[in-house]
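For reference, the structure is listed below as structure tokens.
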Amino acid sequence: MSPAQAEQIAAQLALAEAVAPPPVNSSPTRQAATRFLTQATFGATQQEVDRVRAIGYQAWLNEQFAAPVSSMSHLSAWDASDKAIRAIDAGSRATKGNVVSSFWREAITSPDQLRQRVAFALSEIFVISVTDSCGDNAFSRGAADYLDTLGRQAFGSYRALLESVAIHPIMGCYLSHIKNQPEDTPTGRVPDENFAREIMQLFSIGLYELNADGTHKTDAHQQPIETYSASDISGMAKVFTGWSWWCSQGQTAGCFFSNPNHPEQLVTSMRGYALYHSTAEKSFLGTVIPASTWATPESSLKVALDTLASHPNVGPFIGKQLIQRLVTSNPSPAYVQRVANAFKLSGGSMKAMVTAILLDPEARDMASLGSDRFGKVREPVLRFSALLRSMGAHSDSGMFLIMATEDPGFALAQSALSSSSVFNFFRPGYVKPGSQSASALLLAPELQIATETSSAGYVNYLMYFLRHGTGLNGYDRKASRADVQLLANIDPDHALLTLADKPADLVEEINQRLMYGTMPLALKTEIVGAVQSVGAGLLSNLSVEKLTENRRRRLWSALLLTMASPEFQIQK
């Protein structure tokens with residue numbers, strides 16, 4: 001064995017020791033299991049809680065990693081909705097709302113919860129939007145496939161994920177590198193730099209050089225060191241010339257400049273057109289692709305993505321953002337480094353990164369429940385999904401026709417794949433001006449969409465949903481009720497309704513399901529009192545119908561007060 005090989009093996013052993021999984025309780029309590037599932041899924045169900053308690057965290061993760069992708073993809077769901085809509089009105093078709101409803105269907109019902117949850121987190125990093133012309137109307141079919149793509153790549157290599165994102169036609173349209181042409185000196189044309197900038201700034205290495213623990217490297221003047229320059233953007237932009245729609249006629253000029261006229265063009269990876277690819281030298285991030293008349297889009301792309309994927313910033317940059325999306329907004333540098341080390345040791349595996357995030361001592365330490373620095377604000381989508389999963393939701397159509405929830409005044413101020421810019425609904429480094437979290441120097445990304453309007457809209461949306469459900473009244477808008485309902489609104493013998501006669505027991509059950517037993521005594525006492533006041537003294541004198549209605553009102557009151565509370569809206 002050569003000295004170099006021995007040194008490499010020693011380094012790998014040291015790294016493996018640094019990321020060795022912590023001792024994990026093989027029989028977690030109900031509280032611990034529910035908290036784990038709050039981080040790893042769209043909301044804990046009693047069935048999943050029982051499963052985690054029976055087999056432990058690692059075994060549950062292994063089952064999720066091995067689970068097949070959901071039997072109905074988002075693309076298949078979009079196509080099914082499109083068929084149903086056309087059957088009602090031949091001139092209509094599915095739109096962006098059907099992408100969102102498919103998201104809700106998978107979030108609430110899919111057994112591969114971890115994959116779907118990670119895909120949602122990735123959609124907030126590798127952003128496209130159905131509110132943009134490149135994701136709306138007919139293009140929304142491609143947006144559905146883009147969400148599928150993130151799911152397929154959620155547990156693979158980061159390098160494969162980055163390539164799938166880079167050549168997806170909806171991303172090509174959204175960040176304008178589709179039909180991107182090379183430089184032309186006589187006309188002064190230069191390649192579009194939009195995607196070249198964002199693939200570095202947002203999708204891979206970030207603005208500043210990072211240590212393995214996510215902290216900034218600094219120069220002699222203690223200033224952060226930029227990861228790339230304007231010349232790096234220009235060099236990278238040349239890589240993304242010559243890409244356009246897949247076309248059955250081949251790599252012809254007509255295909256390159258055409259607009260999609262076949263549904264499969266929206267869901268098939270872009271194709272490289274060598275005739276429209278820059279043959280000039282491409283220099284970026286210390287890598288040089290020499291000038292060549294034989295340069296192809298595919299060969300240049302490989303060099304660029306290999307360079308980005310191997311950059312030391314990727315582990316801490318992407319790892320910290322996923323920690324923020326799943327576990328806590330302000331992970332310690334040591335937490336970030338353990339995740340980055342796991343990513344590095346695995347050769348860039350997303351599965352290794354997700355495992356390290358969820359099994360890290362900081363994530364699993366129940367003592368963190370008492371920390372005022374640990375945890376995150378629950379983004380609105382995750383608040384609502386936790387309710388639907390933990391309390392049981394039913395869709396009459398089976399398609400969860402919730403459609404859109406981004407209106408801040410009347411809904412959740414957030415909807416999947418619906419942000420107004422490539423920077424997502426909220427930025428990972430956001431600090432709320434004038435807030436207590438800002439005074440404590442804490443990041444609070446989700447507070448970027450928290451306003452007086454959105455706070456009121458959230459409570460009003462919940463209040464209406466609890467009583468009447470949400471979503472379309474069927475594809476034809478003629479059904480007698482909204483598509484998505486709580487099971488307790490449908491089943492008069494639902495277990496939660498029987499608890500309504502004992503308000504303290506009802507509130508404690510909600511506490512365990514939605515807040516993993518962390519509801520403060522003062523809040524619990526307040527909610528119990530409010531529930532007791534609903535129909536007080538009448539329970540024994542009501543008809544069966546009136547009794548059931550009274551029980552429902554008690555349940556609605558308990559759920560609304562719980563979900564409106566600041567204590568619920570902070571995930572610890």
Basic-acidic side-chain contact under 4.0 Å: R86, D82: yes
Using a strict 4.0 Å threshold on nitrogen-to-oxygen distance, state whether E106 and R117 make a salt bridge. no
Could you label the plane-to-plane angle of the Y276 and F257 rings as parallel, tilted or perpendicular, counting under 30° as parallel and over 60° as perpendicular? perpendicular
Listed by chain and number, what are the side-chain contact (heavy atoms from CB on, under 4.5 Å) partners of S390, not counting sequence neighbours? R513, L514
Side-chain donor-acceptor distances from residues 155-162 under 3.5 Å, at least two apart:
from: S157; atom 1: OG; to: A160; atom 2: N; distance (Å): 3.0
from: Y158; atom 1: OH; to: F203; atom 2: O; distance (Å): 2.5
from: R159; atom 1: NE; to: D306; atom 2: OD1; distance (Å): 2.8
from: R159; atom 1: NH1; to: E163; atom 2: OE1; distance (Å): 2.7
from: R159; atom 1: NH2; to: D306; atom 2: OD1; distance (Å): 3.2

Would you mind reporting whether [Y] and [X] have side-chain heavy atoms less than 4.5 Å apart?
| X | Y | result |
| --- | --- | --- |
| L122 | L322 | yes |
| D476 | I85 | no |
| H168 | D145 | yes |
| E183 | R189 | no |
| K572 | M515 | no |
| W245 | R271 | no |

With a cut-off of 6.0 Å (strictly less than), are more than 12 heavy atoms of other residues, nucleotides or ligands near NZ of K432? yes
Which atoms form the tightest heavy-atom contact between Y273 and C247, and what is the distance? OH-CB, 3.8 Å
Please list every donor-acceptor pair under 3.5 Å in which a side-chain atom of residues 401-410 meets a protein atom from a residue at least two apart or in another chain.
from: T405; atom 1: OG1; to: Q414; atom 2: O; distance (Å): 2.6
from: D407; atom 1: OD1; to: G409; atom 2: N; distance (Å): 2.8
from: D407; atom 1: OD1; to: F410; atom 2: N; distance (Å): 3.1

Distance-only criterion, 3.5 Å: show the donor-acceptor pairs between side-chain atoms of residues 458-469 and protein atoms not counting sequence neighbours.
from: Y458; atom 1: OH; to: M563; atom 2: O; distance (Å): 2.8
from: N460; atom 1: ND2; to: A456; atom 2: O; distance (Å): 3.3
from: Y461; atom 1: OH; to: T470; atom 2: OG1; distance (Å): 2.9

Against the six-membered ring of F568, is R378 placed for a cation-pi contact (under 6.0 Å from the centre, within 45° of the normal)? yes
Distance-only criterion, 3.5 Å: show the donor-acceptor pairs between side-chain atoms of residues 439-448 and protein atoms not counting sequence neighbours.
from: S439; atom 1: OG; to: S435; atom 2: O; distance (Å): 3.3
from: E446; atom 1: OE2; to: R325; atom 2: NH2; distance (Å): 2.5
from: Q448; atom 1: OE1; to: R427; atom 2: N; distance (Å): 2.9

Rounded to the nearest 0.5 Å, the CG atom of L388 sits from the OG1 atom of T109 at a distance of 11.0 Å
Which pairs with one or both residues in residues 71-161 pass disulfide (SG to SG under 2.5 Å), sequence neighbours excluded? C134-C173
